[in-house]
Each structure stands twice: as C-alpha cells, then as structure tokens.
Amino acid sequence: MGGYRPGYEIAAERILEYIVRERLEPGDRLPTEKDLAEAVQMSRTIVREAVKILSALGRVSVQKGRGIYISEPEGALWEKSFSSFLPADLRQVDEMFEFRRTIETATARLASQRANPAQVKALREAAQQSADAAESDDLDAFVHADETFHKAIAAAAGNVFLAETVVSVQRLQRQVSVIGLAGVAGGSLRVAAEQHLAISAAIAAGDESRAVECICEHIDTTLQQFQREIRHRLFPTDGSTS
C-alpha cells in the first residue's frame, strides 16, 4: 500500500507530539487553530480535520466559543498515560500491548472460571459477529465486534476494575489504529476472527490454560501486525523485514 499517510493522520500525530513536548496536561487549553497549524507546520484545513479525529478519540475537547482543550481522562489512573500516549511511537505501542497482554490474560483466566451461560452466549455471539465481518471484509463492523468481544471477556471475569481497564486500553489501541495506521489491514481480520472463536470456545469449556494460550497468541499477533504497519508507514523505503 506504499508509504502514503493522510495529512490529517500526520497532523494528529504532530498535535499529540506538541502536547507532550509542551508538557500540557488534561484541562489545559491548546493554541488557536491558526497558531496550532503554525506550530505543527500543517495547513489550517488539515489541522481542523485532525482536531476532529482527536476529539472523536477523546484526546481533545472542542468547546464552542472557548477553544480546544486537552480532554480529562475518565480515571486518575489513566491521566499520565492518556495525556502522553503517542500512537505512532513503537516503544509506547509495545508497552501498551505488554500491559494489555497482562490484563487480558487475567480476564481470560477468570472468565474461564466464572462465565455464566448468558455471558458465554454473549461471548460466542461477539466472536461470530467478528467472523462474519471478516468474511465480508467489513472493517467497521469488525472493529465494533472486536471491542464487544473483549468487553464480553472482561464482563465474564466478574471484576469491575479489570473491565474498566480493558475499556481504557481499547481506547488507546483505537488511537493507534486511527492515527498511527489509519485503519487495520483487512487481510488480518480472518486470522483475528479465528482466534476470537478459539478463545470463546476455550472459555465456554472452562479450559483456563487454553483460554490463556489463545488470548496471548491473539494479542501477540495483533501487536506484530501493528509493528509492521507502523514501521511501513514511518519508514516506507526501509527494506528491513525485522
């Protein structure tokens, strides 16, 4: 797909880098659209589109008549990671997935122990929805089913703190998809869907070790895909395959 990156994606990334560089905190006001465009060396039109994307992702808040503000995270636990997370920074993406792997290993294990019939049904339905979306190459439907699937595992784990953490990590991962990648490569959807089905089957059977094995494989596969795509976009002429 070459090394092309949409202008709004580059502008969004530069705005986030600006926020980190200037040490701005949640609740702080960003410069005017004109000054922000000058700061990130992009046109006002592109910066306006980037702000819309960042607003939709929950990173900034556009307040009519007042300006653009850095959004407050939903929990104090996430304040630092939320305000400093850079979706195209490979090191931070690695750390986010390392954290996600730890959390979702725990939710898969607990879900295998605690899931009731209704939760198992919800989990299977979400897995099947992702498979159907993958079969038709419907990326939007797959993303929705994927988020529903992982929330269903967390719900079945029966721990509200783990469930809220999964939602927060999903929010960060969504930023990687939208800003760092401008979407996920469609060819990988079928693999992810097959992994969803395997995870749901293991949890339904109460097989803890298999559920943990499958969720780890799933998250590691997703991380590898993101690493490849981000490197390809940032370094399109690099012939390295590592």
Side-chain angles (χ1 to χ4, degrees), residues 16 19-20 25-27 54 56-61 70-116 118-120 122-123 125-127 129-130 142-181 184 192 195-196 198-200 202-204 208-227:
L16 293 179
I19 290 170
V20 173
E25 300 289 340
L54 292 172
L57 290 170
R59 291 301 295 266
V60 303
S61 171
I70 301 173
S71 295
E72 297 279 357
E74 293 184 0
L77 172 67
W78 290 94
E79 183 171 333
K80 187 175 187 302
S81 60
F82 180 92
S83 60
S84 64
F85 183 66
L86 296 174
D89 184 322
L90 281 171
R91 180 186 60 80
Q92 290 194 29
V93 171
D94 286 349
E95 290 179 354
M96 185 268 289
F97 271 96
E98 181 179 59
F99 182 66
R100 182 186 166 194
R101 194 178 196 270
T102 300
I103 294 300
E104 296 207 48
T105 296
T107 59
R109 187 184 302 279
L110 290 173
S112 298
Q113 299 170 3
R114 300 174 176 175
N116 61 41
Q119 291 168 332
V120 168
L123 188 59
E125 287 177 349
Q129 287 168 6
S130 72
F142 181 87
V143 169
H144 176 73
D146 178 68
E147 292 186 356
T148 300
F149 177 76
H150 289 279
K151 288 177 183 176
I153 296 175
N159 184 305
V160 66
F161 297 102
L162 288 174
E164 288 298 318
T165 300
V166 167
V167 170
S168 296
V169 174
Q170 283 183 325
R171 188 176 300 116
L172 295 182
Q173 183 170 314
R174 195 177 307 122
Q175 293 172 26
V176 179
S177 294
V178 174
I179 299 174
L181 303 181
V184 182
Q195 292 171 339
H196 286 173
I199 294 165
S200 64
I203 291 174
E208 293 179 41
S209 60
R210 177 62 179 158
V212 168
E213 177 186 351
C214 289
I215 197 77
C216 288
E217 179 184 7
H218 176 54
I219 292 172
D220 290 347
T221 299
T222 306
L223 170 58
Q224 290 162 13
Q225 173 204 338
F226 276 31
Q227 289 173 329

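Positions are given from 1, in the same order as the sequence printed here.
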> Given the rule in the side chain to side chain contact (heavy atoms under 4.5 Å, CB included) test, do M96 and V176 qualify, once you have shown the distances and angles that lead to the verdict?
Replying inline: CA-CA 10 Å; M96 185 268 289; V176 179; 4.0 Å; yes
> Hey, mind stepping through L57 and R174 against side chain to side chain contact (heavy atoms under 4.5 Å, CB included) and telling me if it holds?
Replying inline: CA-CA 8 Å; L57 290 170; R174 195 177 307 122; 4.0 Å; yes
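Side-chain contact between F85 and L16 is absent, with no heavy-atom pair separated by less than 4.5 Å. Considering only heavy atoms from C-beta on, I215 comes within 4.5 Å of I153 through its side chain. Using a 4.5 Å heavy-atom threshold, the side chains of E217 and T221 count as touching. Between F149 and Q129 the shortest side-chain heavy-atom distance does not fall below 4.5 Å. Residues S130 and D146 are not in side-chain contact: their nearest non-hydrogen atoms beyond the backbone lie 4.5 Å or more apart. Contact of the D94 side chain with the Q227 side chain is registered, since non-hydrogen atoms from C-beta on lie closer than 4.5 Å. By the 4.5 Å heavy-atom criterion applied to side chains, S177 and V143 are not counted as neighbours. For the pair H150 and R100, the minimum side-chain heavy-atom distance is below 4.5 Å.
Rounding to the nearest 0.5 Å gives a distance of 8.5 Å between CD1 of I199 and CG of L123. To the nearest 0.5 Å, atom CD of residue Q92 and atom CG of residue L86 are 4.5 Å apart. Note that NZ of K151 and CD of Q170 are 5.5 Å apart. Values are rounded to the nearest 0.5 Å. The CG atom of L110 sits 6.5 Å away from the CG atom of L162 when rounded to the nearest 0.5 Å.
Relative orientation of the H196 and H218 rings is perpendicular, given thresholds of 30° and 60° on the angle between their planes.
Here the closest non-hydrogen pair linking T107 and A157 is O-CB, 3.6 Å. Minimum interatomic distance between G58 and S71 (heavy atoms only, all atoms of both residues): O-CB, 3.1 Å.
No donor-acceptor pair closer than 3.5 Å links the side chain of R114 to the backbone N or O of N159. Here the side chain of E164 pairs no donor or acceptor atom with the backbone of F161 at under 3.5 angstrom.
Between E98 and R101 there is no salt bridge, since no side-chain nitrogen of the basic residue lies less than 4.0 Å from a carboxylate oxygen of the acidic one.
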